[in-house]
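No hydrogens, no waters, no symmetry mates; every other heavy atom, side chains included, goes into these values.
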Amino acid sequence: MRTRLALLSARLLDPGTGAFLPETALAVSEDGRISALGDDREIRALTGPATTVVDLKGAVVTPGLVDGHLHPVSGAELTHGLDLSYCSDVDDVREALAREVRSLDRGQWLFGWGLDPNVFGDRPVGTAPFDAVLDGVPAFLLLFDAHSALASRRALELAGVDGPRTFDQASAEVVCDADGRPTGLLQEDAACELVERVAPRPTREESRERLATALRSMAAAGLTGGHAMDANGDSLALYGELDAAGELPLRLRVAPWCQPGTDELGVRELIALQGTGGELWRVAGVKLFMDGTIDNGTAWLERPDCHGESTHAFWPDPEAYTRIIGELHRAGVATATHAIGDAAVRHVLDSVEKARTAGGAGGAGVRHRVEHIETVPDDTLRRFAELGVLASMQPTHCCDFTRADHTDNWSRRLGEERAARAWRCRDLSDSGATVVLGSDWPIAPFPPLGVMAGARHRRPSRDLGQAPHGPEQALTPLEALRGMTTAAAYAAGEEHEAGRLAVGHRGDLTVLAADPLTTPSTELPDVPVRLTTVSGRVTFRAPDA
């Protein structure tokens with residue numbers, strides 16, 4: 001079989017051992033798989049006129065880096081607008097909004113994203129501080145967790161929202177004051193959708209181009225794949241279009257959502273979707289939610305937070321979730337459940353245990369996951385390994401949205417005891433769990449070197465001089481690399497063909513200018529990406545590579 005790609009003068013890093021392979025070159029054949037490892041002379045002899053040959057001059061090749069949790073389509077849409085993530089207080093937000101308002105035509109909507117609730121300090125999260133600057137302006141400002149948003153008075157008026165509502169999602173809420181008037185804070189998707197459905201939407205072409213741009217940026221950052229945790233709206237169709245046109249630069253594993261209120265027919269439809277897709281994307285698994293977020297008081301905790309909130313599951317009847325987990329397990333469908341609070345994590349593990357105990361022909365070998373796991377007690381840790389449940393973690397959330405001194409909103413809500421159990425990557429790994437790393441983009445930046453660095457230093461990315469939050473929970477350089485290579489492959493049931501540099505494995509490769517295992521964690525995000533390939537096809541190449 002002809003050779004598609006030949007990489008020469010390389011240092012081939014094996015995440016299984018943490019050592020460099022003795023070979024210095026590799027070939028990827030036309031079937032997209034590594035066909036040979038050897039020295040430069042041996043690999044060059046396999047090339048032909050159509051082979052892409054790259055002399056890496058000593059650059060480091062790793063198996064392709066995979067983001068274990070991201071939202072490409074919704075992220076591409078949500079990050080289109082005013083970036084509020086840099087704002088540190090209410091005045092910063094007000095000034096940013098004022099500048100944006102001056103650029104708008106009359107009646108035009110203002111969209112913002114990345115708003116950190118810490119900017120409000122001890123004040124309630126709401127639109128009151130911005131009412132004057134947003135007077136008459138329909139505005140929708142997404143908070144950084146993407147589980148809540150602020151809607152201006154004009155936006156609420158256009159949506160007909162003038163008081164509280166009841167939703168199938170138990171933690172969804174139109175937050176109102178003592179007089180029953182909306183404060184502008186909308187919690188969870190069901191509440192946010194009240195306003196989103198009256199706001200202008202991008203055209204299909206705009207959505208496609210935004211997605212393509214985002215994916216190209218991911219490839220340039222070194223990503224070769226991602227576990228996409230949604231399939232809402234036109235997501236699957238957009239992936240299909242890009243794939244058919246040869247414009248999909250990442251290999252995507254897509255898990256559609258299962259929401260409260262999903263009936264038996266809905267579950268059967270999710271099962272029927274499994275395995276559908278194209279060359280570089282496929283539906284694999286189902287995404288569910290067990291709670292919301294700690295920052296907005298919608299997580300599910302075993303004890304209330306300091307405001308008496310975060311006491312309920314996302315599902316009005318948590319046992320309905322348990323039954324669906326059992327049905328998906330019997331059908332051989334892997335699940336990924338958003339569970340942030342300790343009660344939510346415990347319920348997911350209980351549900352998986354019931355499903356495994358009940359058995360079923362299709363359930364053998366199904367790998368279920370818990371996403372986020374922001375705070376868990378000691379007695380929960382060991383259950384991940386015992387039940388074969390994967391721990392999907394996003395360490396940059398701890399880095400950038402909490403503080404070592406626990407003065408941030410997340411930590412204050414939980415109190416010292418629970419805030420000290422933040423993102424227990426080290427403890428989960430030591431307990432035998434497989435820890436998969438990801439960004440949860442657009443909640444946090446997607447560059448994988450930043451994700452791996454955060455797992456190691458646990459410091460705010462904007463100020464690396466600050467103290468780390470829970471340094472005892474840091475991962476080693478090799479564990480961080482495995483979290484985006486071997487662990488991601490195992491989570492997808494693809495360890496036999498992905499995550500390693502071996503003959504027969506996919507030619508999904510990330511090439512870095514320096515060794516990610518010896519580069520200091522604070523310098524790792526700045527290491528240049530030299531080349532990214534998927535199935536041996538170049539998806540990014542640095543100008544001087």
Do the side chain of Thr375 and the main chain of Arg418 share a donor and acceptor less than 3.5 angstrom apart? yes
Side-chain donor-acceptor pair under 3.5 Å between Asn232 and Asp230, yes or no? no
Can you check whether His147 and His338 have ring centres sitting under 6.0 Å from each other? yes
Between Asp145 and Thr293, do the side chains contain a donor N or O and an acceptor N or O under 3.5 Å apart? yes
Give me the one residue out of Asp92, Val137, Leu134 that meets side chain to side chain contact (heavy atoms under 4.5 Å, CB included) with Leu97. Leu134
Do the side-chain N and O atoms of Glu188 and Ser148 include a donor-acceptor pair separated by under 3.5 angstrom? no
Do we see a donor-acceptor contact under 3.5 Å between the side chains of Asn409 and Asp295? yes
Can you find a heavy atom in the side chain of Glu247 that is under 4.5 Å from one in the side chain of Glu241? no
Would you say the side-chain atoms of Thr322 and Ser351 include a donor-acceptor pair closer than 3.5 Å? yes
Would you check if Ile373 and Met393 make a side-chain contact, meaning some heavy-atom pair closer than 4.5 Å? yes
Do His71 and Asp440 pair up side chain to side chain, a donor and an acceptor below 3.5 Å, judged on atom types alone? yes
Taking the side chain as C-beta and beyond, is there a heavy-atom pair between Val283 and Pro256 under 4.5 Å? yes
Closest non-hydrogen atoms of Phe446 and Asp67, given as atom of the first, atom of the second and distance, are O-OD2, 4.2 Å
Pair His227, Arg369: side-chain N/O donor-acceptor within cut-off below 3.5 Å: yes
Answer yes if the side chains of His368 and Thr335 hold a donor-acceptor pair under 3.5 Å, and no otherwise. yes
Quick check, are the ring centers of His312 and Trp300 under 6.0 angstrom apart? no
Pairwise side-chain contact, Val370 with Leu390, heavy-atom cut-off 4.5 Å (strictly under): no
Can a donor-acceptor pair be found, under 3.5 Å and without considering hydrogens, that links the side chain of Arg181 to the backbone of Gly163? no
Could you tell me if the side chain of Asp350 sits less than 4.5 Å from the side chain of Arg346, heavy atoms only? yes
For Gln274 and Gly285, the nearest pair of non-hydrogen atoms, with its separation, is OE1-N, 2.5 Å
Gly126 and Phe120 have their tightest heavy-atom pair at O-CE2, 3.4 Å
Is Phe314 close to Met290 at the side-chain level, that is, under 4.5 Å between some pair of heavy atoms? no
Pairing donors with acceptors under 3.5 angstrom, does anything connect the side chains of Thr402 and Asp408? no
Please confirm whether Trp315 and Phe289 have ring centers closer than 6.0 angstrom. no
Report yes if the side chains of Val333 and Leu270 come closer than 4.5 Å at any heavy-atom pair, otherwise no. no
cation_pi(Arg216, Phe540) dist<6.0 Å, angle<=45: no
What's the shortest heavy-atom distance between Ala170 and Ala313, and which atoms? CB-O, 3.3 Å
Answer yes or no: is there a donor N or O on one side and an acceptor on the other, between the side chain of Thr396 and the main chain of Gly454, under 3.5 Å? no
Work out which heavy atom in Pro72 is nearest to a heavy atom in Leu215; give both atom names and the distance. CB-CD2, 4.2 Å
State whether a side-chain donor-acceptor pair under 3.5 Å links His469 with His406. yes
Do the side chain of Gln187 and the main chain of Asn296 share a donor and acceptor less than 3.5 angstrom apart? yes
Scanning both residues in full, the closest heavy-atom pair of Leu428 with Ala391 reads CD1-CB, 4.0 Å
If only side-chain N and O atoms count, and only distance matters, is there a donor-acceptor pair under 3.5 Å linking Ser392 with Glu371? yes
For residues Leu280 and Leu252, determine if any side-chain heavy atom of one lies less than 4.5 Å from a side-chain heavy atom of the other. no
